[in-house]
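Report on the following structure.
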Amino acid sequence: MSIGTGKRDYDVIVAGGGLAGMITACSVAFYSNQSLRILVIDRNPLSSLGKKTVTGWICGDAVGKNAVDYMSNRIGIRWKNPEIEHYVKGVVAYSPDHETAISFDGEGYLLNRKILPQKQMNDALKLGIEVKDRVALRSLLFEDNSIVGVVGEEVGTRETYKRTAKLIIDCTGVTSVLRANLPIKSNIERRINRNDLEATGRYIYTFKIAQDDKTYFDPDYCIIHLDQQIAPGGYAWVFPKGDNKANIGLGVQQKAFETLNKQTGTKKDLKLLIDEYVRSNPVLKDLKMTDEESDQGNSWGTWQVSVRRQNDCLVANGYILVGDAAWMPKPIDAGGIGPAIIAGTIAGREAVQAIQQNDVSEKGLWNYNKNFIDEYGYKTAGLEVFRRMLQDLSNDQINYGMKHFLSKMDVEKITNGEHPEFTAVDKLSMFIKGVVNRTLAENLSHTSKMNRKLVNHYHNFPEEPGGFAQWHLTLEQILKEAFAKFRN
Ligand SMILES: Cc1cc2nc3c(=O)[nH]c(=O)nc-3n(C[C@H](O)[C@H](O)[C@H](O)COP(=O)(O)OP(=O)(O)OC[C@H]3O[C@@H](n4cnc5c(N)ncnc54)[C@H](O)[C@@H]3O)c2cc1C
């Protein structure tokens, strides 16, 4: 079926002018040689574009250089200071006992998420993209099982705002009401399981250094602390933004947090947990929430982030999903900036192709689905299994596992954002002492085996929507087998 692209107000409407929205809009402009009419709509005023909540542009602010290069090399968008606030050599994850460190992700940047959207907006305006601010989008317009526009409300006056387009690209973030209420028949999943969301929060602090201990603060490395007492079902972080400035926070799985509260007879909330974590850091003293203009209104806040594979289908007739709206953050570390950059770049190219071929149907847009999976999405289901396994472990198991079961090759795999193979587990099996550690070894082997199966399955993602139902059925069977061993 070819969906006609009749008279519309715009060729493309990008819903949400945050990180993913602006990259996607610029990519559409780039690949169409600025020949398409593009509108970006955001609920914030232009001066605070990209703001996730009333409390700010909540993020850990870290992104790998590779992802930024991916965008720069393809669509010519470059980021530098001041939107890049600080440079790091990599990320280091510490075991709960701080005895084992694994470094991964390579060189990276700490962004200023308040400044970046202004730079992104200027890039977009230069490319002839229109930006409409202060409109809260509420729903999608549809005709004949195809999305043809958006409806929202002007913030302040509450006047109805309605615009049509050949294609709507949803970049409204994890809480997308457009996706949740998608009014047409499609393969897109509308709702996320609560256990696949992490509750997260962070401060941006300046401080003095009380003592040198690179396992707590290192201006050259983003630090991750794995610890089920500090961040149940998630992790805590200290990401440097200078020699005396850092983004400090943590994310928890709500269910694991409730269990911890029950076990310890406490009623802590997320803020208390984060405050305790900050106070327990022996290196940082005289902490102050930053009051620099570039951080004003952004030095404390909480938000949610998804930690599952991306939505099993990213396209419907006249509609596609990019970024957090599509649950793209990496299941193992909730890093969503990298995949949003990659997806936005690809989505722009494929949107232009579909519009030029006068076919914005699910079939006409299918290449976006396929190409995102080939480029990035093939590994996320395996990492989701790995995340569920990790959430089940005690601190002792994490200490033991990180010390004994990670080979050099596994660390390399983790560095490249891939699932580790845990080949050392099989070699060591007869020396492993204790039932608990043997169970851990078995679970590591299981996740590694399931990961291979899942990656293989994603490499066989159907070329056309016709093959999706069968492919999806098999995916669900593999996931059922993979998740059966874990409580989460
Ligand atoms: C505490 C925390 C720490 C994180 N740390 C990292 C990290 O260190 N590295 C990393 O890679 N990722 C991190 N992430 C994830 C990362 O922040 C997201 O993946 C990224 O911001 C996704 O960009 P996005 O444009 O898809 O969505 P968002 O950034 O959420 O942008 C959505 C935009 O759409 C607008 N919008 C929403 N609804 C509507 C509506 N109805 N109408 C109009 N406009 C609307 C919003 O106002 C916003 O401008 C973290 C997330 C959290 C919460």
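Counting convention: from 1, in listed order, for ligands and their atoms alike. Computed from a predicted model, the values in this text were never measured in an experiment.
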Any N/O of [X] closer than 3.5 Å to an N/O of ligand 1?
{"X": "Val177", "answer": "no"}
{"X": "Gly173", "answer": "no"}
{"X": "Ala340", "answer": "no"}
{"X": "Thr200", "answer": "no"}
{"X": "Trp303", "answer": "no"}

Ligand 1 versus [X]: contacting region, heavy-atom distance under 4.0 Å:
{"X": "Val174", "value": "neither"}
{"X": "Ala15", "value": "neither"}
{"X": "Ala136", "value": "backbone"}
{"X": "Phe239", "value": "side chain"}
{"X": "Pro339", "value": "neither"}

Give a yes or no on whether a salt bridge exists between Glu292 and Lys241, defined as a side-chain N under 4.0 angstrom from a carboxylate O.
-> no
Going by an N to O cut-off under 4.0 Å, is there a salt bridge joining Arg388 and Asp392?
-> no
Give a yes or no on whether the backbone of Lys268 and the side-chain of Asn261 come within a donor-acceptor separation of less than 3.5 Å.
-> yes
Answer yes if the side chains of Glu362 and Asn187 hold a donor-acceptor pair under 3.5 Å, and no otherwise.
-> yes
Of Thr172, Ile58, Val135, the one whose closest heavy atom lies nearest atom 43 (C) of ligand 1 is Val135
